[in-house]
Number of protein chains: 2
Amino acid sequence: MPIEMMIRKLRQHSELPDADIGALRSIVAPVKNLSADAPIVREGDVSTQCCVILSGFAYRSKVSEDGKRQILSFHIAGDMPDLHGLVLKRMDHDLATLSKAQIGLIDHEQLERTLNTRPALARALWRESLLDAALFRQWIVNLGTRSASGRMAYLIAELRQRLGAMGMVANEQFEFPITQSKLADALGLSVVHVNRVLQAFRTEGILDLKRQVVTLGDFEKIAQLGGFDSVEDNSSGA
Amino acid sequence: MPIEMMIRKLRQHSELPDADIGALRSIVAPVKNLSADAPIVREGDVSTQCCVILSGFAYRSKVSEDGKRQILSFHIAGDMPDLHGLVLKRMDHDLATLSKAQIGLIDHEQLERTLNTRPALARALWRESLLDAALFRQWIVNLGTRSASGRMAYLIAELRQRLGAMGMVANEQFEFPITQSKLADALGLSVVHVNRVLQAFRTEGILDLKRQVVTLGDFEKIAQLGGFDSVEDNSSGA
DNA sequence: CGTGCGTTTGAAGTCTCTCAAACCCCGTGG
DNA sequence: CCACGGGGTTTGAGAGACTTCAAACGCACG
């Protein structure tokens, strides 16, 4: 039951009574299967439900007036990438699948009712949205201060960390079903340059990205290039 | 009473009972006066209180491993730039004043107690933190997709919008006590280039930034250069 | 009236982009 | 089973935006 992924992530960040977990579990609507590159919600939509990724990958993006697309973040099993819609309603960006994916849907009204009687759960979800914001801040640092290879390295390092926390990294390998053109949109680079960075990493044996799979050859080096601080630990507080 | 600035902003985004406002007002500790460039909280700090900017400017920043500083956001009267500390506790970035500023302090424990009995207020604060995140997302788009002048234009346009909402723009002029070196750190550019962009704007008569004051010569042009969509309105929902 | 931060200018260098074309893999259809 | 089509990847070369280095200048403050 991939719904456990959501629970797992929530519990990593917040202490929650079993009753709250149960209540949450009971309002997650039956799984929906999506194909690759399927839109989930679009900018401008007014949401009435939010989703949990149960398997597969998704990404959020926004297109600027001049038509360029910026990918804001990638999402993996356990993430609730449009949770903010519960409070803000109107989506300020797109959300789509990267690969085939299973998602669970949670109706806003039901969720509201649940949160009304379960302050700890409400707090946990607030926390999730703050952790989401913290990731955005790091992404700003990444775009603002690092070179092309640094940005790429950081992305891979962050992904490894998040996938690792969900038990989805084995043998320094993990799935990442992405195209170079999407990488370019995430990193603020051109496709051509992304390709060159990737090749450099490959020939230096520090990273290989092939057939939707990332193989880390030298994670130390990646973390260093990306200025990645693996001890970023904003989890359980209070 | 500059504390009204906080109320004003909160009310713009959320419908709140007077009792909630009163409760919040009553726990804001007496104003503290800070000089320019004074740290408020630092990365790594575990916060026990959060602040409201009552007058002046502040900014949040993070330094990457290679020593470069990235400014994440600027804050004005009414903002609660470290609100997330209430839930996350450990600060993942620095917060400091840009100019002389007055801030109000709110003790976390008192705030927690208040929120426990005032769900609408809790929700309003959650909303504030989500709006904060939305600004970060736009900033990512700005850094990832725009040229130097586009980024600068966007920053000015965003600032004008936020200051305008607080009644702090008159005659297409507003205070912005910043140095070019800080602009560089915010925009991910070098000081030299920031200077050149600013000069270009000046000679084209579309913007003048002098003595801590921004004068908009041609806001249309700025909004266009920055791809700024002034109709971004994520305010009152539900 | 210095001292120092902030701004301005010039020139050379480099990272990354754009353009353009070839290539490769893989699924589709004949 | 092979030809075809098309998205994705790779390569080359030239162009451009932005950086770095270095130095001068201006203005505010002690």
Side-chain angles (χ1 to χ4, degrees), chain A residues 35-38 57 59 64 66-71 96-100 142-155 176-204 207-214 225, chain B residues 35-38 57 59 64 66-71 96 98-100 142-155 176-204 207-214 225-226:
Chain A
S35 60
D37 285 306
F57 290 77
Y59 68 95
S64 61
D66 47 335
K68 282 190 224 162
R69 175 180 65 168
Q70 175 67 40
I71 292 184
T97 60
L98 199 57
S99 60
K100 272 193 281 192
N142 198 30
L143 291 180
T145 70
R146 285 194 257 274
S147 69
S149 49
R151 291 185 209 174
M152 178 72 77
Y154 179 86
L155 171 60
F176 187 31
I178 197 168
T179 65
Q180 294 185 2
S181 133
K182 276 172 188 148
L183 276 176
D185 286 349
L187 300 170
L189 300 169
S190 68
V191 195
V192 172
H193 203 60
V194 163
N195 181 278
R196 291 190 165 128
V197 169
L198 248 20
Q199 279 180 64
F201 281 3
R202 203 172 292 154
T203 62
E204 292 174 36
L207 180 160
D208 197 357
L209 170 43
K210 209 176 344 190
R211 268 174 235 291
Q212 333 246 292
V213 173
V214 173
L225 276 174
Chain B
S35 60
D37 285 305
F57 290 77
Y59 67 96
S64 61
D66 46 336
K68 284 191 222 159
R69 175 179 64 169
Q70 175 68 39
I71 292 183
L98 199 56
S99 61
K100 272 193 281 193
N142 198 30
L143 291 180
T145 71
R146 286 193 258 273
S147 67
S149 50
R151 291 185 209 173
M152 177 73 77
Y154 178 87
L155 170 61
F176 187 32
I178 197 167
T179 65
Q180 294 185 2
S181 133
K182 277 172 188 147
L183 276 176
D185 286 348
L187 300 170
L189 300 169
S190 67
V191 194
V192 172
H193 203 60
V194 163
N195 182 278
R196 292 189 165 127
V197 168
L198 248 20
Q199 279 181 64
F201 281 3
R202 203 173 290 154
T203 62
E204 292 174 37
L207 180 160
D208 197 357
L209 170 43
K210 210 177 342 190
R211 269 173 235 292
Q212 333 247 290
V213 173
V214 173
L225 276 174

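Labels below follow one simple rule: chain letters A, B, ... track the order of the sequence lines, proteins then strands, and each chain is numbered from 1. All values derive from a computational prediction rather than experimental measurement.
Side-chain atoms of B/R146 never come within 3.5 Å of backbone atoms of B/R151 as a donor-acceptor pair (strictly under, hydrogens ignored). Of the possible donor and acceptor atoms, one in the side chain of A/S99 sits under 3.5 Å from a partner among the backbone N and O of A/F57. No donor-acceptor pair closer than 3.5 Å links the side chain of B/S181 to the backbone N or O of B/V191. Formation of a donor-acceptor pair under 3.5 Å by the A/T97 side chain with backbone atoms of A/D37 is found in this model.
In this structure, CG in A/D185 is found 10.0 Å from OG1 in B/T145, a value given to the nearest 0.5 Å.
Of the side-chain N and O atoms in A/Q180, one or more sit less than 4.0 angstrom from OP1 or OP2 of D/dT10. At C/dT8, one or more side-chain N or O atoms of B/N195 fall inside 4.0 Å of OP1 or OP2 (strictly under the cut-off).
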>> Using a 4.0 Å heavy-atom cut-off to protein, can you give one letter per nucleotide of nucleotides 15-30 of chain D, 5' to 3': B if the base is in contact, S if only the sugar-phosphate is, - if neither?
In response: ---BBBB------S--
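C/dT7 atom C1' lies 14 Å from atom CD1 of B/I178, rounded to whole Å. Atom CG in A/D185 sits roughly 11 Å away from atom P in C/dC17 (whole-Å rounding). Per the geometry, CG belonging to A/D37 stands 12 Å off P belonging to D/dG7, to the nearest Å. Atom P of nucleotide C/dG6 and atom CG of B/L198 are separated by 15 Å, given to the nearest angstrom.
At least one side-chain heavy atom of B/F201 sits under 4.5 Å from a side-chain heavy atom of B/L225.
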